[in-house]
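Structure first, then comments.
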Amino acid sequence: MLRIENVNTHYGQIQALHDISLEVKQGEIVTLIGANGAGKTTLMMTICGDPQATSGTIEFDGEVISGLDTPSVMRKGLAIVPEGRRVFSGMTVEENLFMGSYFRSKAEAQETVKHVLELFPRLEERFDQRAGTMSGGEQQMLAIGRAMMSKPRMILLDEPSLGLAPIIIQQIFDIIEKLRDEGVTIFLVEQNANQALRIADRGYVLENGRVVLEDTGDALLVNDDVRKAYLGG
Amino acid sequence: MTNKFYNALFASGIAFILTCLMVGIKLDTEGTQLAIKGASAEQWTWIGLGIALVFLSQLFSDKIDAIFSKVPKPKLSNMLPKEQKMATLKPWLLALLIVGMLVWPFMVSRGSVDLATLALIYIMLGLGLNIVVGLAGLLDLGFVAFYAVGAYTYALLSQYFGMSFWACLPISAGLAALFGFILGFPVLRLRGDYLAIVTLGFGEIIRILLNNWTAVTGGPNGISGIDKPTLFGLEFSRRAKEEDTVLFHEFFGIDYSSSYKVIFLYLIAVILTIFVVYVINRLMRMPVGRAWEALREDEIACRSLGLNRTVIKLSAFTLGATTAGFAGAFFAARQGFISPESFIFIESAIILAIVVLGGMGSQVGVILAAIIMTILPELAREFSEYRMLLFGFLMVIMMRWRPQGLVPMKRPHLELNR
């Protein structure tokens, strides 16, 4: 569904990604793990068109999206939950959700919002509350819910477990699996390698802007190098 | 405590240097020579007292703060009736307000009608800037430029082509919108302080251009004799300029009175303002209004949702400018005379002050603040020399007492009955 081929990305003179190639197939959860500064977020942002890849191609659903600007990429059926949640803190949960369905009709949005509230009953309780007054976990749910509102075929998740309590992280990962069961393809960027690999069908390991390993989630979980580097021996 | 002491010493030292330079030393002409004179003994005592005040207030700032926090703040929310009652009362109140605004000028003096017209102009300007600053969060210090564009568009079209006010009104708004659009492009990459500087520069460019393009705009002499608006072709002057124009008082067979014109201008202002309030109120509830707010809150999140920030910023800028263009055209028609003097930076500052005072993003607040800001200087006419001082004082008080503005923005929402 998403195919990245030989992508290089530069920040000015500095090359952040070197010849990245990876693929996410329909209905999969694919996870990308790596240390700080490995280029995980850069890869996410390159998919979204900012910064643009200096060479290589990115294909989504058979359509080349590298070279398009961010707004057009984001309207192709791809949604991203940005790093650090980034909900609109002064707006209510309801308004936040409907910002996600900005380009869809009201009727469609009403239908999707029902579905999102079923997934996240907590959000229904907080429907009229300002997003900034909610806990980190609730905000993360809201961020995922907001991304769902555009009814994407694929969701990119950038560190959804960032700064959350273990029990909340578990909930978030349960929801990610549920989304996959509904047929949404998921590309997950995580530092929390243990949990991410457990739910992933396949995984890629990124180091210094290069893909150094790729395998199924279970295989990576028992891989010695991965264990040493990311799972604490 | 020692920290406080040094702080107070430092502040009073600065106060001493500044007052000595500004008050203590005077330049005077003696014949053809300039001479430097010291202040009189009385002035020195005042300076000394002032510095002592600065020193003490800095030294005991904690206690002063404590006293301030004890001063009871009137709770506006308690004074208003309950929300449900408000909802049913609202249309009636609005209707009453509009009728009142239409009837009111026939009962009061000409001066107050004129003042109300001015207040309405500032309401329009405040509402326009409210979109840019209050909703979209783009700090614009050169808003007066669009006001000037609107005013000069009407003035020039009227002078060179003899076009009527009503035909020029949309043209003025459109041209101001075009300028907003043009300014929008370079501004899109900028944020915060940088944006403020660019807009400030733009405001000055327009003013200086108007000042120096003497051949077209008349330079500092301005444009005079701009036609007043007409009521379906009826003019409000005492005598017709040309043979075939019909005069208002002749048409209705009533005696001529100069106040008809003033009231007519006021009524136009009321209609324009209601139109602007209505349109902006609708826009704020539309998705684009939400998008402006979302952009103010978090730009990256907006982009992640596929919103085009260029388009959103441009739309905010353009709509704000359109409103200013409206106000400008009306201003030119009302004054009958405009010059670059009317569009200096202080005007931008006042409009910005209106938005901040009223509460960013809140329409009611901005309207209230615009009324206060136009009427207060009139009431304080006796202290004309100290007007700016009062203005500054009011600002300081406001920021201490209600930093969120007079009537902070409330999000429209519906309660669900379960």
Side-chain angles (χ1 to χ4, degrees), chain A residues 41 44-45 47-50 68-106 109 117 124-125 127-132 139 142-144 146-150 152 155-158, chain B residues 83-84 87 130 133-138 184-185 188-189 191 282-316 359-362 365 403-405 407-418:
Chain A
T41 301
M44 279 280 183
M45 288 165 69
I47 296 171
C48 296
D50 182 30
L68 293 178
D69 59 348
T70 310
S72 357
V73 173
M74 301 320 298
R75 293 179 210 174
K76 294 251 179 258
L78 190 72
I80 183 169
V81 179
E83 191 177 358
R85 307 189 274 273
R86 294 198 172 270
V87 294
F88 302 117
S89 55
M91 297 164 77
T92 62
V93 170
E94 180 188 10
E95 286 168 324
N96 264 282
L97 287 176
F98 281 109
M99 281 308 296
S101 59
Y102 194 81
F103 298 102
R104 303 176 68 212
S105 76
K106 219 169 174 179
L117 291 180
E124 192 164 16
E125 290 168 31
F127 207 48
D128 290 324
Q129 196 174 321
R130 286 190 188 218
Q139 287 189 18
L142 178 58
I144 297 174
R146 187 177 63 186
M148 292 286 296
M149 284 298 289
S150 62
I155 293 190
L156 312 176
L157 289 155
D158 199 347
Chain B
E83 212 158 292
Q84 273 194 328
N130 192 25
V133 178
L135 292 174
L138 309 164
F185 270 114
L188 293 171
R189 294 154 198 281
R191 242 171 268 172
R282 287 286 107 188
L283 281 171
M284 275 165 70
R285 280 148 200 267
M286 270 164 61
V288 69
R290 290 245 183 95
W292 290 333
E293 281 178 64
L295 192 73
R296 181 189 63 196
E297 300 247 331
D298 198 319
E299 209 164 284
I300 290 176
C302 266
R303 298 180 63 202
S304 83
L305 298 174
L307 301 179
N308 194 332
R309 64 181 163 165
T310 315
V311 172
I312 297 171
K313 277 187 184 177
L314 262 183
S315 66
M360 300 265 234
S362 146
Q404 72 275 47
V407 186
M409 184 176 177
K410 230 170 66 188
R411 322 202 55 79
H413 71 273
L414 284 171
E415 288 290 328
L416 291 172
N417 295 319
R418 279 165 224 245

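Chain letters run A, B, ... following the sequence lines, proteins first, then strands; residues in each count from 1.
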Checklist outcome for this item: side chain to side chain contact (heavy atoms under 4.5 Å, CB included) filter on Gln139(A), not counting sequence neighbours, yields Arg85(A), Val87(A), Met134(A)

Checklist outcome for this item: Most heavy-atom pairs under 4.5 Å with chain B, out of Phe103(A), Phe88(A), Phe98(A), belong to Phe88(A)

Checklist entry - Is there a side-chain contact between Leu295(B) and Glu299(B) (heavy atoms, below 4.5 Å)? => result yes

Checklist outcome for this item: Of Arg86(A), Met149(A), Arg146(A), Met74(A), the largest count of non-hydrogen pairs under 4.5 angstrom with chain B goes to Arg86(A)

Next on the checklist: Is it the case that atom CD1 in Ile300(B) sees more than 12 heavy atoms from other parts of the structure closer than 6.0 Å?
Outcome noted: no

Item to check | Structural part of Ser89(A) lying under 4.5 Å from a heavy atom of chain B | outcome: both

Checklist outcome for this item: In terms of heavy-atom pairs under 4.5 Å with chain B, the winner among Val73(A), Leu78(A), Leu156(A), Asp50(A) is Asp50(A)

Checklist outcome for this item: Taken in chain and number order and not counting sequence neighbours, the residues that satisfy side chain to side chain contact (heavy atoms under 4.5 Å, CB included) with Val288(B) are Tyr102(A), Leu283(B), Met286(B), Trp292(B), Ser315(B)

